[in-house]
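What follows is a set of notes on a single structure, which appears directly below.
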Amino acid sequence: MARTRPGGANESASALSSPLPPPSRRALIGWLLGVTRPVLAPLVGSTLCRIADLLLGCAIMAIGAVAVVRAGAQAASGAHIGIPWDLAGQLALASLLKAALRYGEQFLGHFVAFKALELLRGEIFAALIPRAPRVMLEARSGDLLARATKDVDRIEVFFAHTFAPAVSAVVVPLSVVGVVGATTSWPVALTALAFLVAAIGVVPALGWRASLASSRRAVVERAGLTQHVTDSIQGMAEVVGYGRAEERLEEMGAIDRAIQAAGAPARRWTALRRGGAQLLALAGPAAMILVGADGVRAGAFSAAALAGGVAAVVRLAETARGVEELAAALNASFAAAERVWATAHSPIEVVDGQGELARAGSHELVWEGVSYAYPGSPKLALDDVSVRAAAGRWTCLVGVSGSGKTTMGHLALRFDDPAAGRILLDGVDIRGLRGDCLRREVALVSQSAHLFRASVLDNLRLAAPGASEEEARRACQDAGIHDDIEALESGYGTMIGERGASLSGGQRQRLALARALLARPGVIVLDEFTSHLDPALDARVRSRVRERLAGTTVVEITHRLQWVGGADHVAVLDGGRVVEQGTPAALMSAGGALARLVAREG
Ligand SMILES: Nc1ncnc2c1ncn2[C@@H]1O[C@H](COP(=O)(O)OP(=O)(O)OP(=O)(O)O)[C@@H](O)[C@H]1O
């Protein structure tokens, strides 16, 4: 059973409106690796390739330096400078191998990154399913979009540019230092190690906390920008129509400036760390020469060996740079991962029950003492509402705008659960029913039903995948949309544009109605289902729908009071409360709330 919230206001914490406390870094990494377990093997492969590639890079530099020093010594002694075939051969072999390893690292690395993105997107989508549609009551759609797209993209950095550089940043310098120590001198090797530890281990950690806090703020601001852009694009007609383009642009500019300001500390630390790491990484080789000079003079090791070691350590500066860049990108990546994590771990507020409900032509639907407040809202949208929609009858919910009619419909489909009271289907609390079973038996034709970028037929079959074309056609005839569809270029095969843009509001509404009729639910909630239709079409559609739905439980939410007389039962809402209910005739003759609404409508 789902949790009920006491009192009116909904105080539940949501991962979207009030984020969960961020997870520890360990927990976050553990989660990321858990989600992306299938890519761990190629990730290790890519890392090994990178380590070998970097080591070969150092070896090539060292071989080159040895060759130059040897040639210098030969020139100084007046000997003939021959081509060092041994070193040239080693260089050629190492170069070829390096190229192959580079290919392997890039190939595997990109495979890992893209596969990881796919897995993470799957994870966030899977997390939304049990949280929908409730999550839509509170989430700003742009914010959800940002989490599923931009934030997930930013996490790519973790896989593509974190694991392999981090492991190689430890393994490669230690290996080079070990080789220098074993082949040349340990004091020289340890000198290099001291500078490398400072450049790779200490400097990248400077300002870590401040950078992370700054990145977190920037990620949130960026999500705000996505929200703003989504709003502006979806509402382009209103923005342009009301001459608000300049204002929207200014607002966007202000959000941009907020993003810049939020990210400024992170950028300052990044610049400082980059400079520091480079300075240390290049000061190391100079220190090696100072420490090793005496050894060369004393003949403890050759100048060529020292030069080889120094050249290899110079090459390690690249590793230091890689780690530094990683530290900067990683903050943004972790800040994004925290948001995706929060979505995936937000509490599931509406938990499916286990109960079944047999398929039937109609069910009784009862709201029993239902109170409800939207997430984050202090105000009750429904206050102790009790209405019985009898099986097979037509019940109308009427009332002024904002009185709570749509909310009653949404709760009947468990968009959320009431804070108090129950909703019963054939006497069974819907919280105890399986979600798919409830949605099979109760259908909603909402004011803004979504149509997908797919053919008309596919949009219809969303509700009843097994329906034949003939059944779909009949449902469309009953919804009064069949002739409009036949007039389209490819009839039922016509692709509907994004968000059904190629259809008019009234056509979209009737298509959504046909979709619900096709599913043959036992209860159908019709929310202003003819609001876009002219009176003549409204009358025609109603008469067909009435015929088709004879014997089905219908709950109609409407402002069109001229049709209320045909209902079996009417409930009048005001301010979230039922102010009167009964048969339309009884209510009209009582001269109460319904009569006043009708009189007001004229
Ligand atoms: N997602 C939401 N978040 C917060 N409050 C909401 C939300 N949706 C609706 N409300 C509030 O709940 C109350 C009831 O809204 P509801 O949509 O149920 O009214 P309605 O009677 O269907 O209105 P209309 O006839 O205009 O569709 C209103 O005060 C509204 O502002």
Side-chain angles (χ1 to χ4, degrees), residues 5 7-18 128 131-144 227 230-231 234-235 346 349-350 365 367 370-387 389 395-421 423 442 444-450 505 508-509 512-513 524-533 538 554-564 567 570-581 593-594 596-598 600-601:
R5 287 175 289 278
N10 183 336
E11 290 159 5
S12 75
S14 148
L16 299 163
S17 53
S18 52
L128 287 177
R131 291 163 176 82
R134 185 196 187 275
V135 75
M136 301 311 293
L137 294 178
E138 56 182 325
R140 297 170 303 166
S141 59
D143 185 45
L144 265 186
Q227 169 72 35
T230 309
D231 263 359
Q234 287 182 351
S346 62
E349 302 277 349
V350 177
L365 177 64
W367 290 262
V370 169
S371 294
Y372 177 73
Y374 280 93
S377 166
K379 191 176 123 245
L380 281 179
L382 293 179
D383 186 0
D384 196 18
V385 165
S386 294
V387 172
T395 298
C396 272
L397 304 179
V398 301
V400 294
S401 181
S403 54
K405 307 179 294 290
T406 297
T407 306
M408 283 181 71
H410 284 173
L411 293 186
L413 272 123
R414 288 199 79 202
F415 277 34
D416 203 355
D417 287 328
I423 297 174
V442 184
L444 169 73
V445 179
S446 74
Q447 292 179 45
S448 53
H450 186 83
R508 284 210 293 267
Q509 204 166 39
L513 171 64
I524 188 163
V525 180
L526 303 171
D527 193 351
E528 304 283 2
F529 78 115
T530 59
S531 59
H532 288 285
L533 309 186
D538 185 352
V554 179
V555 177
E556 184 188 356
I557 295 166
T558 186
H559 284 286
R560 298 216 162 163
L561 300 178
Q562 75 265 35
W563 302 111
V564 165
V570 179
V572 184
L573 280 103
D574 194 4
R577 300 185 70 95
V578 176
V579 289
E580 69 176 18
Q581 56 183 318
L594 180 64
R596 279 196 298 277
L597 279 177
V598 171
R600 209 168 70 180
E601 205 185 42

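Atoms within each ligand, like the ligands themselves, are counted from 1 in listed order.
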Candidates Ala373, Gly399, Gly402; heavy atom nearest atom 14 (C) of ligand 1 found on Gly402
Atom 22 (O) of ligand 1: of Leu397, Asp574, Thr406, Val400, the nearest heavy atom sits on Thr406
Next on the checklist: I want to know if ligand 1 touches Ser377 in the polar sense, i.e. an N/O pair below 3.5 angstrom.
Outcome noted: no
Q. Do any N/O atoms on Ala381 end up under 3.5 angstrom from N/O atoms on ligand 1?
A. no
Short version for Lys379: what comes under 4.0 Å of ligand 1, heavy atoms counted, is side chain
Judged by non-hydrogen atoms, does His559 sit under 4.0 Å from ligand 1? yes
Interatomic distance, CG@Leu526 vs CD1@Ile557, rounded to 0.5 Å, equals 8.5 Å
CG (Leu382) and CG (Leu573) are apart, to the nearest 0.5 Å, by 7.0 Å
With sequence neighbours left out, the residues meeting side-chain hydrogen bond (donor to acceptor under 3.5 Å, both in side chains) with Arg577 are Asp383
**Prompt:** Side chain of Lys379, backbone of Tyr374: donor and acceptor closer than 3.5 Å?
**Reply:** no
Fill in: Donor-acceptor under 3.5 Å (Gln509 side chain, Glu528 main chain)
yes
For this session: Quick one: do Gln447 and Ser531 satisfy side-chain hydrogen bond (donor to acceptor under 3.5 Å, both in side chains)? Show the steps, please.
Result: CA-CA 8 Å; Gln447 292 179 45; Ser531 59; over 6 Å; no
In ligand 1, the atoms that come under 4.0 Å of a heavy atom of Thr407 are 14 (C), 15 (O), 16 (P), 18 (O)
For Gln447, the atoms of ligand 1 under 4.0 Å from one of its heavy atoms are 27 (O)
